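Everything on this sheet refers to the single structure shown next.
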2 protein chains.
Amino acid sequence: MRDIDIAEAARLSGVRASTLRFYEEKGLIASHGRRGLRRLFDPAVLDRLALIALGRAAGFSLDEIARMFAPDGRPRIDRRMLAAKAEELERTIRKLNAMRDGLRHAAACPAPSHMECPTFRRLLRAAASGAIGERKARRPPRKSFAATGREQGRARGS
Amino acid sequence: MRDIDIAEAARLSGVRASTLRFYEEKGLIASHGRRGLRRLFDPAVLDRLALIALGRAAGFSLDEIARMFAPDGRPRIDRRMLAAKAEELERTIRKLNAMRDGLRHAAACPAPSHMECPTFRRLLRAAASGAIGERKARRPPRKSFAATGREQGRARGS
DNA sequence: CTGCCAGTTCAAGTCAACTTGAGGTCAAGG
DNA sequence: CCTTGACCTCAAGTTGACTTGAACTGGCAG
């Protein structure tokens with residue numbers, strides 16, 4: 001099988017068809033041709049989608065990810081960029097660690113009200129001063145059909 | 001000084017006036033009265049704002065935070081909720097750690113192309129399988145005046 | 001008394017990453 | 001041949017947390 005259609009790409013990658021169209025429009029992936037109306041993708045698009053997922057997970061925006069591909073379509077990943085992102089992650093991790101410890105303490109704290117717990121108040125000051133930094137929890141996707149499974153990579157093979 | 005006006009609240013908390021109005025509309029904070037048109041806040045609003053900042057930093061949504069206040073306005077923080085959030089944070093941290101290590105390796109990897117680096121490919125598979133999970137980097141606020149330092153409480157005045 | 005300017009309201013805009021809806025097309029199966 | 005259903009396009013909607021713009025108000029310095 002040379003090319004895969006959008007449904008298959010969606011199934012194999014766990015990425016929705018609508019997202020694939022969106023990515024194509026954004027220039028993140030390219031379809032190779034059509035069969036009737038249907039887009040046909042080179043199976044290599046799956047690697048590319050994995051790369052995109054990786055970038056997203058690392059905190060890159062789609063625009064940043066788009067810039068990681070050379071005009072010829074091959075990945076052109078700047079190592080300094082990776083290192084910088086690793087640093088950024090490091091800082092985030094440190095903050096989250098502090099946060100988690102504070103939350104744990106607050107959860108177990110014997111003080112009658114959190115406002116009377118010194119640890120909690122320290123945390124509060126840290127948050128107020130911006131030391132903890134910003135962070136946004138990602139809402140879960142509403143339909144993560146193939147996402148949670150352990151073996152979605154080669155679903156029903158054949 | 002009994003009450004503070006919105007400008008002062010903004011200056012002291014580092015939260016923009018527009019945000020304070022937004023929070024009031026959402027029921028997260030309450031103004032105590034007016035002087036002319038101007039809202040007056042009880043200085044305790046600053047604690048409350050710190051609490052809100054803390055919650056945001058921990059990954060709670062504004063709605064979740066709103067639910068952390070009893071109808072009388074005093075914090076009513078569920079310890080189990082804190083513990084659960086700490087757990088969530090823990091999981092996030094673990095993923096980010098893996099991510100960071102992968103990025104570091106990729107940044108230093110001697111393979112000619114990232115696609116030929118085993119570590120990178122392993123990371124890629126993890127991302128594709130959803131094992132790494134989703135995350136969104138928060139874009140920095142365009143003006144974080146009171147955030148980083150003590151001084152510079154000078155908004156864009158005049 | 002008169003401006004000024006910082007405040008006010010309300011609606012609408014922004015941003016990112018998608019999703020959804022309406023209306024259309026086409027290849028294959030009965 | 002005709003229906004069916006999956007795909008197509010394009011525009012608009014969604015979500016969360018705010019920000020911005022337009023039009024307005026009112027306390028206070030001069």
Side-chain angles (χ1 to χ4, degrees), chain A residues 3-11 13-29 31-41 49 52-53 55-67 133-145 147, chain B residues 3-11 13-29 31-41 49 52-53 55-67 133-145 147 153-158:
Chain A
D3 291 329
I4 60 183
D5 72 7
I6 195 172
E8 189 131 27
R11 189 172 59 74
S13 67
V15 173
R16 283 186 172 206
S18 68
T19 306
L20 293 177
R21 277 182 223 109
F22 174 69
Y23 281 177
E24 184 178 13
E25 196 180 348
K26 275 226 138 192
L28 285 164
I29 58 176
S31 57
H32 216 241
R34 300 279 176 124
R35 175 168 53 231
L37 289 179
R38 288 172 201 207
R39 286 164 176 78
L40 293 176
F41 291 101
L49 287 170
I52 293 169
R56 296 274 303 120
F60 291 99
S61 71
L62 292 184
D63 283 352
E64 282 174 310
I65 293 169
R67 271 179 251 122
E134 316 206 322
R135 182 180 163 267
K136 189 172 172 189
R138 186 76 164 124
R139 71 205 136 129
R142 46 199 78 219
K143 295 225 177 183
S144 62
F145 45 97
Chain B
D3 290 330
I4 60 183
D5 72 6
I6 196 171
E8 188 130 25
R11 191 172 56 75
S13 66
V15 173
R16 284 188 171 202
S18 67
T19 307
L20 293 177
R21 278 183 221 110
F22 174 70
Y23 281 177
E24 183 178 13
E25 197 182 347
K26 275 226 139 194
L28 286 163
I29 59 176
S31 57
H32 216 242
R34 299 279 176 123
R35 176 166 55 230
L37 289 178
R38 286 173 201 206
R39 286 164 177 78
L40 293 176
F41 293 100
L49 287 170
I52 293 170
R56 295 273 304 119
F60 291 100
S61 71
L62 291 184
D63 283 351
E64 282 174 310
I65 293 168
R67 271 179 250 122
E134 316 207 321
R135 182 181 161 266
K136 187 172 172 188
R138 186 74 165 126
R139 70 202 138 137
R142 42 203 82 216
K143 296 231 176 181
S144 63
F145 43 97
R154 194 79 259 135
R156 55 244 128 131
S158 73

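All figures in this text were calculated on a predicted structure; none of them were measured in a lab. Every chain is numbered from 1, with letters handed out A, B, ... down the list of sequences.
- Every residue meeting the side chain to side chain contact (heavy atoms under 4.5 Å, CB included) condition with B/R21, not counting sequence neighbours, appears here in chain and number order: B/I6, B/A17, B/S18, B/R39.
- The pair A/R11-A/E8 meets the salt-bridge criterion, with a side-chain N (NZ, NE, NH1 or NH2) lying under 4.0 Å from an Asp/Glu carboxylate O.
- Atom P of nucleotide D/dA17 and atom CG of B/L62 are separated by 4 Å, given to the nearest angstrom.
- Considering only side-chain N and O atoms, A/S61 lies nowhere under 4.0 angstrom from the phosphate OP1 or OP2 of C/dA16.
- At the heavy-atom level, B/T19 lies under 4.0 Å from the strands shown only through sugar-phosphate atoms.
- To the nearest 0.5 Å, atom CG of residue A/D5 and atom CG of residue A/L37 are 12.5 Å apart.
- Listed nucleotides: C/dT9, D/dC8, D/dA17. Nearest to the side chain of A/R34: D/dC8.
- Between B/I65 and B/R56, the closest heavy-atom pair is CD1-N, 3.7 Å.
- Among the protein residues, B/A17 comes within range of no part of the nucleic acid, since none of its heavy atoms lies under 4.0 Å from any strand.
- Residue A/R21 places at least one side-chain N or O under 4.0 Å from the OP1 or OP2 atom of D/dC8.
- Atom CD of A/E64 and atom P of C/dC15 are 16 Å apart (whole Å).
- Using a 4.5 Å heavy-atom cutoff, the side chains of A/K26 and A/D63 are in contact.
- B/Y23 meets the side chain to side chain contact (heavy atoms under 4.5 Å, CB included) test with B/T19, B/L28, B/I29, B/L49, B/I52, B/L62; sequence neighbours excluded.
- The phosphate of C/dC18 (OP1 or OP2) has a side-chain N or O of A/Y23 nearer than 4.0 angstrom.
- Every side-chain hydrogen bond (donor to acceptor under 3.5 Å, both in side chains) that B/S31 has, sequence neighbours left out, goes to B/E24.
- Defining each end axis of the helix from C/dC1-D/dG30 to C/dG30-D/dC1 as the rotation carrying four pairs' C1' atoms onto the next four, with five pairs an end, the two axes are found to diverge by 20° to 10 degrees.
- Distance A/L20 CG to C/dA17 C1': 14 Å, rounded to the nearest Å.
- A close approach under 4.0 Å does not occur between any side-chain nitrogen or oxygen of A/R39 and OP1 or OP2 of D/dC7.
- Rounded to an integer number of Å, the gap from CD1 of B/I65 to P of D/dC18 is 9 Å.
- Rounding to whole angstrom units, CZ of residue B/F22 and C1' of C/dT14 are separated by 13 Å.
- When all heavy atoms are compared, the tightest approach of A/A9 to A/S13 is O-OG, 2.6 Å.
- In this entry the distance linking CG of B/D63 with C1' of D/dC18 reads 14 Å, nearest Å.
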Verdict with reasoning, B/R34 to B/L40, per side-chain contact (heavy atoms from CB on, under 4.5 Å): CA-CA 5 Å; B/R34 299 279 176 123; B/L40 293 176; 5.8 Å; no
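- Atom CD1 of A/I52 and atom C1' of C/dC18 are 14 Å apart (whole Å).
- Among all heavy-atom pairs drawn from A/L20 and A/A10, the shortest one is CD1-N, 3.7 Å.
- Nucleotide C/dC18 holds its C1' atom 16 Å from the CD atom of A/E24, rounded to whole Å.
- Toward the 5' end of DNA chain D, the nearer of the two residues A/I6 and B/K26, judged by each one's closest nucleotide, is A/I6.
- The A/R56 side chain lies nearest to C/dC18 when the options are C/dC18, D/dA17, C/dG7.
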Its contact letters, B for base, S for sugar-phosphate only and - for none at protein heavy atoms under 4.0 Å, make nucleotides 25-30 of chain C read BSS---
